[in-house]
Enquirer: 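The structure's right below; bear with me while I get my questions together.
Excluded from the calculations below are hydrogen atoms, water molecules and symmetry mates; all remaining heavy atoms, backbone and side chain alike, are included. All chains are named by letter (A, B, ...) in the order of the sequence lines, taking the proteins before the strands, and each is independently numbered beginning at 1.
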Amino acid sequence: MLKKKKQPSAFAKKVYEIVQSIPKGKLATYGQVAAMAGKPRGAQAVGWILHDADQHEVPYQRVVNRLGGLARGYTNGGPLGHKKDLEREGITVRPDFSVDLEKYLWRP
DNA sequence: CCGATGACCAAAC
DNA sequence: TGTTTGGCCATCG
């Protein structure tokens, strides 16, 4: 299992720009980002791109699943690291690692 | 193109 | 209720 870094493709680049476009204190879901990138059913693909995004300057912490929950495999200290990053953005994370999408969801 | 993997989503068992 | 399966799309070998 050597899945390692690779070059950003058109889809990845779009995802990066979208994620970087998320205002501070707001959140976006995988499905939302995927839809903006042109793939309303590419949530999994977005997850893959974000996993690779750790080598880019992308605030992928602002991207959560549709339940407002943190990602399963976070590459930066686990869910605690993710929670800390979100709180630093001004987002309140519940003890169960979920957030209020109605309150923090980014609506362009 | 195919098979396998993945930080997702939804339904089925 | 917890686990599995299928679907989605992208990427690697």
Side-chain angles (χ1 to χ4, degrees):
Chain A
M1 51 141 1
L2 246 300
K3 297 265 179 86
K4 294 236 244 90
K5 22 208 176 145
K6 49 201 149 351
Q7 275 73 321
S9 12
F11 184 70
K13 226 159 92 176
K14 243 177 178 181
V15 173
Y16 297 144
E17 290 187 60
I18 292 165
V19 175
Q20 288 168 349
S21 303
I22 301 173
K24 182 167 177 268
K26 291 285 180 181
L27 295 172
T29 66
Y30 287 95
Q32 190 175 359
V33 174
M36 289 181 186
K39 309 299 187 191
R41 262 78 206 167
Q44 181 64 79
V46 174
W48 163 250
I49 300 302
L50 263 56
H51 187 202
D52 186 63
D54 63 346
Q55 55 195 304
H56 299 264
E57 306 264 319
V58 179
Y60 50 92
Q61 64 250 28
R62 292 183 188 149
V63 182
V64 295
N65 60 39
R66 79 173 183 93
L67 306 174
L70 279 59
R72 288 182 162 173
Y74 197 69
T75 45
N76 184 16
L80 287 174
H82 198 166
K83 179 177 183 294
K84 199 175 164 102
D85 284 341
L86 292 174
E87 295 196 312
R88 187 170 54 186
E89 301 281 297
I91 297 169
T92 303
V93 180
R94 297 184 182 131
D96 60 305
F97 301 105
S98 63
V99 293
D100 191 340
L101 286 180
E102 285 297 291
K103 187 177 173 65
Y104 298 113
L105 182 62
W106 176 45
R107 303 190 189 84

Enquirer: Can you tell me the distance, in whole Å, between the OH atom of A:Y60 and the P atom of B:dG6?
Expert: 18 Å
Enquirer: Short question: side chain of A:H82, backbone of A:Q61 - any donor-acceptor pair under 3.5 Å?
Expert: yes
Enquirer: Tell me the interatomic distance from A:I49, atom CD1, to C:dA10, atom P, rounded to whole angstroms.
Expert: 9 Å
Enquirer: Work out how far the P atom of B:dC2 is from that of C:dG7, and round it to whole angstrom.
Expert: 15 Å
Enquirer: Calculate the interatomic distance between A:D52 atom CG and B:dG6 atom P; express it in whole Å.
Expert: 14 Å
Enquirer: Can you confirm whether the side chains of A:N76 and A:Y60 place a donor and an acceptor under 3.5 Å from each other?
Expert: no
Enquirer: Which whole-number value in Å describes the distance from A:R72 CZ to B:dG6 P?
Expert: 12 Å
Enquirer: Hey, does A:T92 have a side-chain heavy atom less than 4.5 Å from the side chain of A:V99?
Expert: no
Enquirer: Quick one: list whatever passes salt bridge (Lys or Arg N to Asp or Glu O under 4.0 Å) with A:K83, sequence neighbours left out.
Expert: A:E87
Enquirer: Among all residues two or more places apart in sequence or in another chain, which pass the ring pair (Phe, Tyr, Trp, His ring centres under 6.0 Å) test with A:Y104?
Expert: none
Enquirer: Separation of A:H51 atom NE2 from C:dA10 atom P, in whole Å?
Expert: 19 Å
Enquirer: Using a heavy-atom distance cut-off of less than 4.0 Å, which residues of residues 9-21 of chain A contact DNA chain C?
Expert: A:S9, A:F11
Enquirer: Quantified in whole Å, what is the P atom distance between nucleotide C:dC8 and nucleotide B:dC1?
Expert: 16 Å
Enquirer: Distance from A:H51 atom NE2 to A:R72 atom CZ, nearest 0.5 Å?
Expert: 14.0 Å
Enquirer: Give the residues of residues 29-45 of chain A touching DNA chain C, defined as any heavy atom closer than 4.0 Å, sorted by residue number.
Expert: A:K39, A:R41, A:G42, A:Q44, A:A45
Enquirer: How far does the P atom of B:dA4 sit from the matching atom of C:dT5, given to the nearest Å?
Expert: 14 Å
Enquirer: Is there side-chain contact between A:L101 and A:V64, with at least one heavy-atom pair below 4.5 Å?
Expert: yes
Enquirer: Please set out all donor-acceptor pairs under 3.5 angstrom arising from side-chain atoms of residues 22-30 of chain A, sequence neighbours excluded.
Expert:
| residue | atom | partner | partner atom | Å |
| --- | --- | --- | --- | --- |
| A:T29 | OG1 | A:Q32 | N | 3.1 |

Enquirer: Using side chain to side chain contact (heavy atoms under 4.5 Å, CB included) as the criterion, list what pairs up with A:S98, not counting sequence neighbours.
Expert: A:R94, A:D96
